[in-house]
Amino acid sequence: MTSVRNYTDKELLERVKISEGFKNIPTGHWIIGVRSKEDVYDVYDDKFYEFVGERFVRVLTGTTNSGGKQLKGGFKAFNKYGSAILKADKFYYDVWQYRLHRGRMPALCQTGAKVTVYRDGDLDKKAEQLGKPISGWYGINYHTNTYNFERNNLKIVKWFIGNWSAGCQVINDREEYLEQMDEFRYLHESGEQTSVSYCLLNEF
């Protein structure tokens, strides 16, 4: 369902190194998001690559953009100026920690560094970096699109975002996502890694 191109590890790492704010490749687990040029309205058409240092671990599909309900005006429940669109081609160090999203879902939550967002409020069904970027703590988390983690529900892969993102980075393959969260939970609880860095790239 997503046409965002595939990349080699080398291509991704070279691109990361020229992103805004880049200092170094994290030594632990970290994530690269790639925002699709196609940007299909309300569709999971982006990708997320997990690395340990410079070693590739896995790739998942999802969205780096707000969903249709938010872009059509649902953002007004959160911010009158528009839905949060995370700034791309930028590195966010130590931005997430393993926590529960809204107290109900294992996730990576924005408890660390600030992020930079734009507020898209033009209601044109496109997630766009509009106006002046602002930085702060806006609850831009990394999570999946269900609170139901019963085994038969995990096999479902939904391709329409709906209300599952108001700026969060959202994975649509629930089973792969839970495997990833088991890994981050272990790292957090063992004290081996307490924060997770993220670099969001535009498709290139």
Side-chain angles (χ1 to χ4, degrees), residues 1-4 19-21 31-49 60-93 95-97 99-147 157-174 177 196-204:
M1 291 292 289
T2 176
S3 64
V4 63
S19 64
E20 181 183 339
I31 296 170
I32 300 171
V34 179
R35 178 175 285 158
S36 170
K37 290 180 181 178
E38 193 173 18
D39 187 22
V40 180
Y41 173 67
D42 205 33
V43 169
Y44 291 100
D45 61 357
D46 303 325
K47 288 184 178 178
F48 298 89
Y49 297 81
L60 299 90
T61 56
T63 185
T64 66
N65 294 320
S66 293
K69 290 185 178 179
Q70 292 300 315
L71 293 174
K72 288 192 295 185
F75 62 79
K76 294 174 185 177
F78 302 95
N79 187 292
K80 64 181 180 180
Y81 297 109
S83 192
I85 307 296
L86 188 63
K87 184 177 182 180
D89 293 323
K90 184 171 173 60
F91 208 113
Y92 301 95
Y93 286 94
V95 64
W96 291 324
Q97 286 187 317
R99 291 287 190 274
L100 293 179
H101 176 68
R102 296 193 173 181
R104 301 172 63 188
M105 178 195 304
L108 300 179
C109 297
Q110 189 196 357
T111 58
K114 295 179 181 180
V115 297
T116 301
V117 303
Y118 294 83
R119 290 291 176 181
D120 183 346
D122 64 358
L123 307 175
D124 69 351
K125 296 187 177 181
K126 298 294 289 183
E128 300 162 299
Q129 296 190 162
L130 300 173
K132 183 180 179 180
I134 54 174
S135 297
W137 291 273
Y138 306 115
I140 303 298
N141 298 341
Y142 178 93
H143 61 81
T144 190
N145 59 358
T146 185
Y147 293 117
V157 179
K158 292 187 176 181
W159 288 99
F160 295 99
I161 303 166
N163 207 31
W164 277 104
S165 177
C168 288
Q169 314 296 281
V170 183
I171 305 302
N172 67 325
D173 189 316
R174 301 162 179 184
Y177 172 81
V196 181
S197 295
Y198 180 53
C199 184
L200 176 58
L201 301 174
N202 284 312
E203 184 178 1
F204 57 94

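Numbering of residues begins at 1 and proceeds along the displayed sequence.
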Quiz item: Once the angle between the rings of Tyr177 and Tyr142 is folded into 0 to 90°, is it parallel (under 30°), tilted (30 to 60°) or perpendicular (over 60°)?
Solution: tilted
Side-chain heavy atoms of [X] within contact of [Y], under 4.5 Å:
X      : Y      : answer
Tyr198 : Leu86  : yes
Lys126 : Tyr41  : no
Lys114 : Trp137 : yes
Tyr92  : Ile140 : no
Arg102 : His143 : no
Arg119 : Leu130 : no
Asn172 : Lys158 : no
Ile32  : Phe48  : no

When you measure from the side chain of [X] to the backbone of [Y], do you find a donor-acceptor pair of N or O atoms at a distance under 3.5 Å?
X      : Y      : answer
Gln70  : Gly167 : no
Asp45  : Val40  : yes
Gln110 : Gly136 : yes
Gln129 : Tyr118 : no
Asp46  : Ser36  : yes
Ser66  : Ala84  : yes

Mind listing the closest non-hydrogen atom pair of [X] and [Y] along with its distance?
X      : Y     : value
Trp159 : Thr61 : CH2-OG1, 3.9 Å
Ala166 : Phe78 : CB-CE1, 4.2 Å
Cys199 : Ser19 : SG-OG, 3.6 Å
Leu123 : Lys72 : CD2-C, 3.5 Å

Working to the nearest 0.5 Å, report the span between [atom1] of [X] and [atom2] of [Y].
X      : Y      : atom1 : atom2 : value
Cys109 : Gln97  : SG    : CD    : 9.0 Å
Met105 : Asn145 : CE    : CG    : 7.5 Å
Thr144 : Asp173 : OG1   : CG    : 8.0 Å
Phe160 : Thr63  : CZ    : OG1   : 13.0 Å
Tyr147 : Leu100 : OH    : CG    : 10.5 Å
Leu60  : Ile171 : CG    : CD1   : 5.0 Å

Exercise. Indicate whether the side chain of Gln169 and that of Asn141 have a donor and an acceptor atom separated by less than 3.5 Å.
Key: no
Practice problem: Would you tell me whether Thr64 and Arg35 have side-chain atoms, one donor and one acceptor, within less than 3.5 Å of each other? | Solution: yes
Exercise. Check the pair Ile31, Trp96 against side-chain contact (heavy atoms from CB on, under 4.5 Å), reporting the backbone distance first and the verdict last.
Key: CA-CA 10 Å; Ile31 296 170; Trp96 291 324; 4.3 Å; yes
Residues, nucleotides or ligands: over 12 heavy atoms within 6.0 Å of [X] [atom1]:
X      : atom1 : answer
Lys125 : NZ    : no
Tyr81  : OH    : no
Lys90  : NZ    : yes

Practice problem: Begin with the C-alpha distance, continue with both residues' side-chain angles, and end with the deciding distance and a verdict on side-chain hydrogen bond (donor to acceptor under 3.5 Å, both in side chains) for Asp89 and Asn202. | Solution: CA-CA 6 Å; Asp89 293 323; Asn202 284 312; 3.0 Å; yes
Exercise. Report the C-alpha distance between Asn65 and Ser165 in whole Å, list the side-chain angles of each, state the deciding distance to 0.1 Å, and finish with yes or no for side-chain contact (heavy atoms from CB on, under 4.5 Å).
Key: CA-CA 7 Å; Asn65 294 320; Ser165 177; over 6 Å; no
Practice problem: Begin with the C-alpha distance, continue with both residues' side-chain angles, and end with the deciding distance and a verdict on side-chain contact (heavy atoms from CB on, under 4.5 Å) for Val157 and Tyr44. | Solution: CA-CA 10 Å; Val157 179; Tyr44 291 100; over 6 Å; no
